[in-house]
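The figures that follow rest on heavy atoms only: side chains count, while hydrogens, waters and symmetry mates do not. One is the number of the first residue; the rest follow in order along the sequence.
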Amino acid sequence: MKKANILIVDDEASSLKLLSRMLQNKGFHVRTLPNGELALKSIENHLPDILLLDVGLPGIDGFEVCRRVKQMKKGSNLPVIFISAYDDSEHIEKGYKSGAVDFIRKPFSKFEVYQKINLHLNSTQYENELEILLTETVLGSIRSLLDILGFMNPDLYSRSNRLARLMCRMVESLSLENAWLYETAALLIHLDEIIYSTEVQKETDTYTGTTDESVIRSRPHISEIMDSVPRMNSVAAMMDGKLSHNLLDERYEVDFNTLSVENKGRILIKLLTRYEALLINDIEYKMIKHFLEKEFRQHINLVERLISILEEEEEVRIRKVKISDLMSGDLIHADIRTQEGILLIGSGTQLTANLLSMLRKYSRHEKVVEPIYIKPGLVIKQ
């Protein structure tokens with residue numbers, strides 16, 4: 001485990017020197033600052049792993065520094081430990097209310113400082129690992145579900161897959177946090193159509209004896225279901241497509257970077273689904289670009305990023321391979337069909353391990369047209 005970066009903020013030079021030497025001797029990377037103003041600027045530029053903060057700072061006191069740190073997007077989860085000569089319950093309570101996780105009283109012992117720092121570093125690491133595990137579990141489950149549904153409606157599946165792939169590229173190019181939320185929304189955006197498509201619905205109607213279209217329409221949409229799932233509210237909000245009137249209106253000043261996660265996701269999904277609609281209607285590439293630039297004038301930089309990604313993908317060399325040579329992550333360039341012409345996997349689909357496994361199993365019983373035309377794709381985490 002790499003040693004943590006610790007920021008110490010204290011106006012007493014002797015206290016700074018002592019704490020700094022103690023922690024450096026334990027292998028920690030330490031920065032020191034004498035006041036709250038410098039601390040806030042430093043945290044904005046270089047987020048530490050833990051903040052040791054004196055209460056009685058000149059100018060902005062420690063309580064206010066802590067409150068402002070917690071209001072920062074990047075500082076909301078930063079563990080803050082107050083170090084203070086005040087040991088009355090009023091100050092301690094005020095410290096916790098401002099967002100601190102612990103309190104160390106001056107004069108402090110080395111043992112207490114080490115123990116509390118390690119306690120909260122381990123707790124943060126555990127929470128981060130748990131968050132990653134939950135995220136990968138949710139996303140992996142959704143991918144697996146879509147892989148299974150992919151053989152029911154290859155065309156809609158390929159559209160969903162292509163949308164998610166482009167979303168991942170856009171999110172990466174924009175350096176957006178919580179990338180999994182955007183990818184999940186993109187993966188699920190066509191799930192309603194896949195589940196309620198004619199082929200699937202026919203089987204459902206046979207089973208239930210229901211042919212009333214009003215009953216079908218009354219069924220809950222995926223976004224409504226997602227809204228009731230813990231941690232998926234933002235995904236549901238991205239999928240519902242509701243944009244305030246000024247988010248795409250050039251008459252209003254809108255900075256994409258200042259928008260909420262939900263509104264960023266809504267705009268990106270609206271952009272990508274519009275591109276997809278133009279694509280499947282065989283609109284020429286130059287006209288697709290023209291339409292997108294016209295409709296998304298307010299966010300022309302997003303259109304430019306998307307066009308750049310598309311042009312980059314177009315330049316990648318196409319290869320011909322056998323099914324046995326396919327790999328997870330390969331991007332299907334031309335439809336994969338059986339010799340009878342049945343569509344199995346649509347162009348634009350990026351192979352996951354599950355989808356590849358199903359294709360290989362299917363090919364043992366049915367003749368699949370080879371070679372397969374592919375391009376190298378993104379690495380997909382399973």
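Minimum heavy-atom separation, L47 to G75: CD1-CA, 4.2 Å. Across all non-hydrogen atoms, the minimal contact from A353 to S328 is N-OG, 3.5 Å. Across every non-hydrogen atom of S20 and I8, the tightest pair is N-CD1, 3.8 Å. Considering all non-hydrogen atoms of both residues, I43 and P48 come closest at CG1-CD, 4.1 Å. When all heavy atoms of I309 and S173 are compared, the pair lying nearest together is CD1-OG, 4.5 Å. Residues F103 and S84 share a closest heavy-atom pair of CE2-CB, 3.9 Å.
Crowding of E284 atom CD: a count of heavy atoms from other residues, nucleotides or ligands under 6.0 Å not exceeding 12. In M327, the CE atom is not crowded: 12 or fewer heavy atoms of neighbouring residues, nucleotides or ligands sit closer than 6.0 Å. Counting non-hydrogen atoms of neighbouring residues, nucleotides and ligands closer than 6.0 angstrom, the CD atom of E340 exceeds 12 such neighbours.
Electrostatic pairing of K322 and E370 does not count as a salt bridge here, judged by no charged N lying under 4.0 Å from a carboxylate O. Note on E44 versus K41: no salt bridge recorded, every NZ/NE/NH1/NH2 to OD/OE distance being 4.0 Å or above. For R266 and E262, the salt-bridge test fails: no basic side-chain N is under 4.0 Å from an acidic carboxylate O. K106 has a carboxylate O that lies under 4.0 Å from a charged side-chain N of D10, or vice versa, which qualifies the two as a salt bridge. A salt bridge links E112 with K116: the distance from a Lys NZ or Arg NE/NH1/NH2 to an Asp or Glu carboxylate oxygen falls below 4.0 Å.
Without hydrogens or angle criteria, K70 side chain to L78 main chain gives a donor-acceptor distance under 3.5 Å. Checking side-chain atoms of N281 against main-chain N and O of I283 turns up no donor-acceptor pair under 3.5 Å. A donor-acceptor contact shorter than 3.5 Å links the side chain of R360 to the backbone of S324.
Within the 4.5 Å cutoff, side-chain heavy atoms of I267 are placed close to those of H299. Considering only heavy atoms from C-beta on, L326 comes within 4.5 Å of I374 through its side chain. Using a 4.5 Å heavy-atom threshold, the side chains of L121 and D49 count as touching. Using a 4.5 Å heavy-atom cutoff, the side chains of E312 and R169 are in contact.
Listed by chain and number, the residues in a side-chain contact (heavy atoms from CB on, under 4.5 Å) with K286 amount to none (sequence neighbours excluded).
For F63 and F82, the gap between ring centers is short of 6.0 Å.
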K97 vs E93, test: salt bridge (charged side-chain N to carboxylate O under 4.0 Å, His left out). Steps then yes/no.
CA-CA 6 Å; K97 284 184 176 180; E93 181 180 351; 3.1 Å; yes
Go through the steps for D325 and R319 under the test salt bridge (charged side-chain N to carboxylate O under 4.0 Å, His left out), then give the verdict.
CA-CA 11 Å; D325 296 325; R319 294 191 295 124; over 6 Å; no
Derivation of the side-chain contact (heavy atoms from CB on, under 4.5 Å) call for L19 and I83
CA-CA 11 Å; L19 276 171; I83 296 183; 3.6 Å; yes
Applying side-chain contact (heavy atoms from CB on, under 4.5 Å) to K367 and T338, what does each step give before you reach the verdict?
CA-CA 6 Å; K367 296 276 189 180; T338 66; over 6 Å; no
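Note that CG of L40 is 6.0 Å distant from CZ of R68, once rounded to the nearest 0.5 Å. Rounded to the nearest 0.5 Å, atoms CD1 (I336) and OG1 (T349) are 8.0 Å apart. In this structure, CG on L166 lies 6.0 Å from CG on L310, to the nearest 0.5 angstrom. Rounded to the nearest 0.5 Å, atoms OG (S158) and CD1 (I332) are 10.5 Å apart.
A cation-pi arrangement is present between K26 and Y114 under the rule of less than 6.0 angstrom and at most 45 degrees off the ring axis.
For the pairing with L351, the side chain to side chain contact (heavy atoms under 4.5 Å, CB included) check across N161, L331, D330 returns one residue only, D330.
Using modelled atom types and a 3.5 Å distance limit, the side chains of R31 and S42 yield a donor-acceptor pair.
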